[in-house]
Enquirer: 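Sending over a structure as structure tokens; questions will come in a sec.
Quick note on labels: first sequence line is chain A, next is B, and so on, each numbered from 1. Just so you know, these numbers use all the heavy atoms, side chains as well, and skip hydrogens, waters and symmetry mates.
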Amino acid sequence: MKKGDHLFLVDGSGYIFRAYHALPPLTRKSDGLPTNAVLGFCNMVWKLMRDARDTDVGVTPTHFAVIFDYSSKTFRNELYPEYKANRSAPPEDLVPQFGLIRHATRAFNLPCVEMEGFEADDLIATYCRMAEEAGADATIISSDKDLMQLVSPSVSMYDPMKDHQIGIPEVIEKWGVPPEKMIDLQALTGDSVDNIPGIPGIGPKTAAQLLEQYGDLDTLLARAGEIKQPKRRESIIENTGKARLSRELVTLKRDVPVNEVPDDFALEPANGPKLVAFLKAMEFTTLTRRVAEATGTEAGEVEAADVPVERADTAHGPDMDEVASATTDEAGTETAPAADEGDTPARLADRRAEAATAEKIDVDAYHTITDLQTLTDWIAEAFETGVVAFDTETTSLDPMQAELVGFSLAPRPGRAAYVPLGHRQGAGDLLGGGPVEGQLPVREALAALKPLMEAPSVLKIAQNLKYDLVVMSRYGVDIAPYDDTMLLSYVLDGGAARGHGMDSLAEKWLGHKTIQFGEVAGTGKSFIGFENVAIDKATRYAGEDADVTLRLWQVLKPRLAAKGLVSVYERLERPLVPVLARMEQRGISVDRQILSRLSGELAQGAAAIEEEIYGLIGERINIGSPKQLGDILFGRMGLPGGSKTKTGQWSTSAQLLEDLAAEGHELPRKIVDWRQLTKLKSTYTDALPGYINPQTGRVHTNFALAATTTGRLSSSDPNLQNIPVRTAEGRKIRTAFVADKGYRLVSADYSQIELRVLAHVADIAQLKQAFAEGADIHATTASEMFGVPVEGMPSEVRRRAKAINFGIIYGISAFGLANQLSIPREEASAYIKKYFERFPGIRDYIEETKAYARENGYVETVFGRRIHYPEIRSPNPSVRAFNERASINARLQGTAADIIRRAMVRIEPALADAKLSARMLLQVHDELIFEVADDEVEATIPVICEVMENAPMPARALSVPLKVDARAAHNWDEAH
DNA sequence: ACAGAAGCTTA
DNA sequence: GTAAGCTTCTGTT
């Protein structure tokens, strides 16, 4: 053990009693073995190991041990025969659980430590001392006051049941004395539970006050005669002996001759199969499933361990069958299949990938289920394995319109079934055909399926679960718990893979070419809809989807742990699925009348400009064709300054036309205006009404979770993340996005979040200070660079600094900055040089990021998301430079994206806690839009701002404050 | 019917 | 200079 290591010591015996009393009686179904304390203990240890690995706790144990009392007789009984004498025998149904909990500890691959003649507390005290001497830290998992004397700057306590940390301040707060005086305090107060006498009439308050006054117990006893209160004085003088004895009893022994040293407690990876085997034997279905999921174990393939149970007559009191050196002993009876022994996460992941490609996928082996009994049998099988891949087949890509046509289940690799529900035949007939005979009625099938989908003990696995979640929610079925293979791939290979669709994942990981949807249901004109696909064909397609999804999960899930990406997946990806599903389902109201009126105005405006353009060029060309336009402008009319695009066409970009207009040319200005109007009309006012759902009357966008490289969301069908805002004309579109009657839209957006992230990660003192003071960041930058005071600064100076600030976020280049500011490249270079002289920390940050990306092939956000740049080492300088800029931007944009994801996950519970009914509707990268009842607006805004501003905590504390601006109005234009 | 380019909208 | 999605035009299948 060395400096920086962290030893976790669990007070096992303490938890046995606590768990037993805290939990309702529970017995193993098969034979009535009492197991409530075992379950409580296992849940606690599991939670501890999961949380501790998570960045959010901030502490990662490197060493871990569970400490138990050995027997009820210890050296304290020789000191004082009455010690703990009033303890009654443990309850009958707790006795057999002592041994089981030791088995549990070993199943967790954790050392199980105890020693004859000493209490667990003495061993804990000894190991804390050893850790401190090695320069390491220790955390005692207990909230027992007897252990508080051990708290120090490097030793703290933690209560996982109450999620409560106890350090020096907490001890002082609770007892009024620092940890080193806890012994004296306990000596004075005594303890009726342990039969420690103390001084009668003195409780914790008096004891603390006396110790404050006299310093320590010995001084107090020596000067007891000075005490004013007669009764108290007499009692202390009379019971001096008892106090001294009590002190000996409560003082923990820090020099127990232990058989193991902390080095022996180095934390090893969990042995999934071994732990699952034990949990299965205990018949803890939910925990078994959780552990199987997290460790990538196939619960269905692991046999329940044969755990010996002590008979009540031989097991009197805490465990007699174990010796102190049992730390690493393995009871042969409880070991898992030999193949998995000693697996590291990385090796398990590799083995899974190999196995997945080895076993061939046979699409003709899948079953078609048309009767309830068979369906019930398959569902029971899924309950048995604890894992099931699930997929829906529907009539539409839009989950808000889709009707269920069937679903498929795969409880084991290679074993999948399709349940047709809404297939039709005879579509060619005049009447459009009718339902295929012999299918299960939708209601009957879903009634059977629902308990499985909602069972906490069965993990549901899907590819792009959000779609199925929205569809199934409309049929009254919830899905939880779940994993999503698309998100697993996104977290593992963001930036490295082209896409995370099932087809490409199957090809990549399983070497399998999947049946294409188009082959089954046709494409384009030949598209018939899944409801018209023949059932045997549908079974092959849908069965394969479920089978492939399950196999992908088996390959991908273990890789998560192997690469340390569990918390990214569990905190930033998986919990967002139902949040986004609800946002999509709610949709937003769009006012048809407003759009229709705007559309008319735009049509008129465009038509008028069109005539003027025709007049100027003397010909009725297609203005929307850049090719025709370029030929006229630069060919026939011979306007100056023409440049070519990479395909050799004349460029007619807005920038270029603006430049020409600035030189006094009439035509380019009109073309720019015409383009703006036609763009607004075609993309927004004409297209949006078509997205209004006939049932809900609202627009339901689709938010993609796994579409961008940086971790941002994207929105499509329609894209509601690019609704115009910059021009007055464009903003009119926003007035059509409205709140329902009695509601307001609330828009809350992060102010300068990416620049704040930059100030934090690059650690730039001037920027951090400016943000802390709430200063104008661009003006501050300009002032630093050009030595101009912020007061009375010319707007052009500030504009240039602003362009540079944004340039940094985009991975600045002289070429880009020159373009942005319309200045010569040399001038832009000089600005950048000057900027780096004033902010050398930012140049360092950029260089570090490039070097890291080159070295590792990826960069990481503050929250650990990895973004891959496989081409970062390209020999092509422009490809390389592009990847460098992208990687610089990705850390900043990605961190900002992580922050708003965290806020989105927390906002719903925060609103519920505050008894507020606000509904989150949209996310636009740094902005969240809510629909809020009129009379709740005032109370809701602070809750939203609070959650958003504190979103990085407690995982990361940014060294820069986040600021959120929020406004309420009847439409989106006024709220923004 | 589809794919790519050009252009334009957002953060 | 970063990250997206949609519309139109154009050429190919």
Enquirer: Do the side chains of A/Phe703 and A/Ser714 get nearer than 4.5 Å, heavy atoms only?
Expert: no

Enquirer: Any base atoms under 4.0 Å from A/Ala654, or only sugar-phosphate, or nothing? Heavy atoms, all strands.
Expert: sugar-phosphate

Enquirer: With ring centroids as reference points, do A/Phe839 and A/Tyr835 lie under 6.0 angstrom apart?
Expert: yes

Enquirer: Under 4.0 Å, counting only non-hydrogen atoms across every strand here, what does A/Ile809 touch: a base, just sugar-phosphate, or nothing?
Expert: nothing

Enquirer: Whole-Å distance between C/dA3 P and A/Ile808 CD1?
Expert: 16 Å

Enquirer: With the sugar-phosphate defined as primed atoms, P, OP1 and OP2, and the base as all remaining atoms, what B/S/- string results for nucleotides 8-13 of chain C, 5' to 3', for protein heavy atoms under 4.0 Å?
Expert: SSSS--

Enquirer: Going 5' to 3' along DNA chain B, between which two nucleotides do contacts with chain A fall, using a heavy-atom cut-off of 4.0 Å?
Expert: B/dA1 to B/dA11

Enquirer: Which ones in residues 712-724 of chain A lie close to DNA chain B, meaning a heavy atom under 4.0 Å from one of its atoms?
Expert: A/Arg712, A/Gln721, A/Asn722, A/Ile723, A/Pro724

Enquirer: Which dot-bracket notation, 5' to 3', represents the base pairing of DNA chain C when pairs are defined as Watson-Crick or G-U with both distances under 3.5 Å, crossing pairs as [ ], and inter-strand pairs as |?
Expert: .|||||||||||.

Enquirer: Please report the distance, rounded to the nearest Å, between CG in A/Leu705 and P in C/dA4.
Expert: 14 Å

Enquirer: List, one per line, each side-chain donor-acceptor pair under 3.5 Å for residues 803-823 of chain A, sequence neighbours excluded.
Expert:
from	atom 1	to	atom 2	distance (Å)
A/Asn805	ND2	A/His778	ND1	3.0
A/Asn805	ND2	A/Thr781	OG1	3.0
A/Ser813	OG	A/Gly816	N	2.9

Enquirer: Got a sec, which residues hit salt bridge (charged side-chain N to carboxylate O under 4.0 Å, His left out) with A/Arg756, two or more places apart in sequence or on another chain?
Expert: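 Salt bridge (charged side-chain N to carboxylate O under 4.0 Å, His left out) list for A/Arg756, sorted by chain: empty.
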
Enquirer: Does some side-chain heavy atom of A/Leu958 sit less than 4.5 Å from a side-chain heavy atom of A/Ile899?
Expert: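 Yes - at least one pair of side-chain heavy atoms lies under 4.5 Å apart.
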
Enquirer: Could you tell me the separation between the CG atom of A/Leu755 and the C1' atom of C/dT2, rounded to a whole number of Å?
Expert: 13 Å

Enquirer: Mind checking if A/Phe806 touches a base, just sugar-phosphate, or nothing, with heavy atoms under 4.0 Å?
Expert: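 Nothing: the residue A/Phe806, judged by heavy atoms under 4.0 Å, touches no strand.
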
Enquirer: When the distance from OH of A/Tyr490 to C1' of C/dA3 is rounded to whole Å, what number comes out?
Expert: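 Going from OH in A/Tyr490 over to C1' in C/dA3 covers 10 Å.
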
Enquirer: Figure out the OH/P separation between A/Tyr810 and C/dA3, and round it to whole Å.
Expert: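 After rounding, the gap between these two atoms is 11 Å.
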
Enquirer: Remember a base hit wins even if backbone is also touched, and classify A/Thr645 as base, sugar-phosphate or nothing at under 4.0 Å, heavy atoms.
Expert: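 The residue A/Thr645 makes sugar-phosphate contact but no base contact.
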
Enquirer: Residues two or more places apart in sequence or in another chain: which of them pass side-chain contact (heavy atoms from CB on, under 4.5 Å) with A/Pro689?
Expert: A/Arg592, A/Leu595

Enquirer: Could you pull out all donor-acceptor pairs under 3.5 Å where a side-chain atom in residues 842-853 of chain A meets a protein atom, sequence neighbours excluded?
Expert:
from	atom 1	to	atom 2	distance (Å)
A/Thr849	OG1	A/Tyr845	O	2.8
A/Thr849	OG1	A/Arg891	NH1	2.7

Enquirer: Pairs in or reaching into residues 671-693 of chain A: which pass salt bridge (charged side-chain N to carboxylate O under 4.0 Å, His left out), with residues at least two apart or in two chains?
Expert: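 Checked against salt bridge (charged side-chain N to carboxylate O under 4.0 Å, His left out) - neighbours excluded - the pairs reaching residues 671-693 of chain A are A/Arg669-A/Asp673, A/Lys681-A/Asp686.
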
Enquirer: Quick one: are the ring centres of A/Tyr831 and A/Phe836 less than 6.0 Å apart?
Expert: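 No.
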
Enquirer: How long is the straight-line distance from CD1 of A/Ile671 back to CD of A/Glu610, given to the nearest 0.5 Å?
Expert: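 Rounded to the nearest 0.5 Å, the CD-CD1 separation comes to 11.5 Å.
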
Enquirer: When you compare the side chain of A/Trp650 with that of A/Leu633, does any pair of heavy atoms fall below 4.5 Å?
Expert: no

Enquirer: With sequence neighbours left out, which residue pairs that include part of residues 802-826 of chain A fulfil the salt bridge (charged side-chain N to carboxylate O under 4.0 Å, His left out) condition?
Expert: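 Pairs touching residues 802-826 of chain A that pass the test: none.
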
Enquirer: Rounding to a whole Å, what distance do you find between A/Phe703:CZ and C/dA4:P?
Expert: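 Distance, rounded to whole Å: 16 Å.
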
Enquirer: Please list every donor-acceptor pair under 3.5 Å in which a side-chain atom of residues 968-976 of chain A meets a protein atom from a residue at least two apart or in another chain.
Expert:
from	atom 1	to	atom 2	distance (Å)
A/His970	NE2	A/Arg744	NE	3.4
A/Asn971	OD1	A/Asp973	N	2.9
A/Asn971	OD1	A/Glu974	N	2.9
A/Asn971	ND2	A/Glu974	OE2	3.1
A/Trp972	NE1	A/Glu927	OE2	3.2
A/His976	ND1	A/Glu927	OE2	3.0

Enquirer: Just to be sure I understand the rule, does A/Arg675 reach a base, reach only the sugar-phosphate, or reach nothing, if contact means heavy atoms closer than 4.0 Å?
Expert: sugar-phosphate

Enquirer: Can you classify the ring geometry of A/Phe527 versus A/Phe517 as parallel (below 30°), tilted (30 to 60°) or perpendicular (above 60°)?
Expert: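 Ring orientation of A/Phe527 relative to A/Phe517: tilted.
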
Enquirer: Could you list by number each residue of residues 818-855 of chain A showing a heavy-atom separation from DNA chain C of less than 4.0 Å, or answer none if no residue does?
Expert: A/Asn819, A/Gln820

Enquirer: Rounded to the nearest Å, what distance is computed from the CD atom of residue A/Glu884 to the P atom of nucleotide C/dA3?
Expert: 13 Å

Enquirer: Let me know which of A/Thr710, A/Asp898, A/Thr895 forms a side-chain hydrogen bond (donor to acceptor under 3.5 Å, both in side chains) with A/Thr861.
Expert: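 By the side-chain hydrogen bond (donor to acceptor under 3.5 Å, both in side chains) criterion, A/Thr861 pairs with just one of A/Thr710, A/Asp898, A/Thr895: A/Asp898.
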
Enquirer: Select base, sugar-phosphate, or nothing to describe what A/Ser653 touches, counting heavy atoms under 4.0 Å on all strands.
Expert: sugar-phosphate

Enquirer: Heavy atoms only, 4.0 Å cut-off, all strands: where does A/Ala687 land among base, sugar-phosphate and nothing?
Expert: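 Sugar-phosphate, no base atom in range.
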
Enquirer: Just how far is it from atom CE of A/Met583 to atom CE of A/Met904, taken to the nearest 0.5 Å?
Expert: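 A/Met583 CE to A/Met904 CE: 4.0 Å, rounded to 0.5 Å.
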
Enquirer: Could you give the CD1-to-P distance, from A/Ile872 to C/dT2, as a whole number of Å?
Expert: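 Distance, rounded to whole Å: 12 Å.
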
Enquirer: For A/Asp965 and A/Lys963: C-alpha separation, side-chain torsions, deciding distance, then whether side-chain contact (heavy atoms from CB on, under 4.5 Å) applies.
Expert: CA-CA 7 Å; A/Asp965 299 310; A/Lys963 184 164 163 267; 3.3 Å; yes

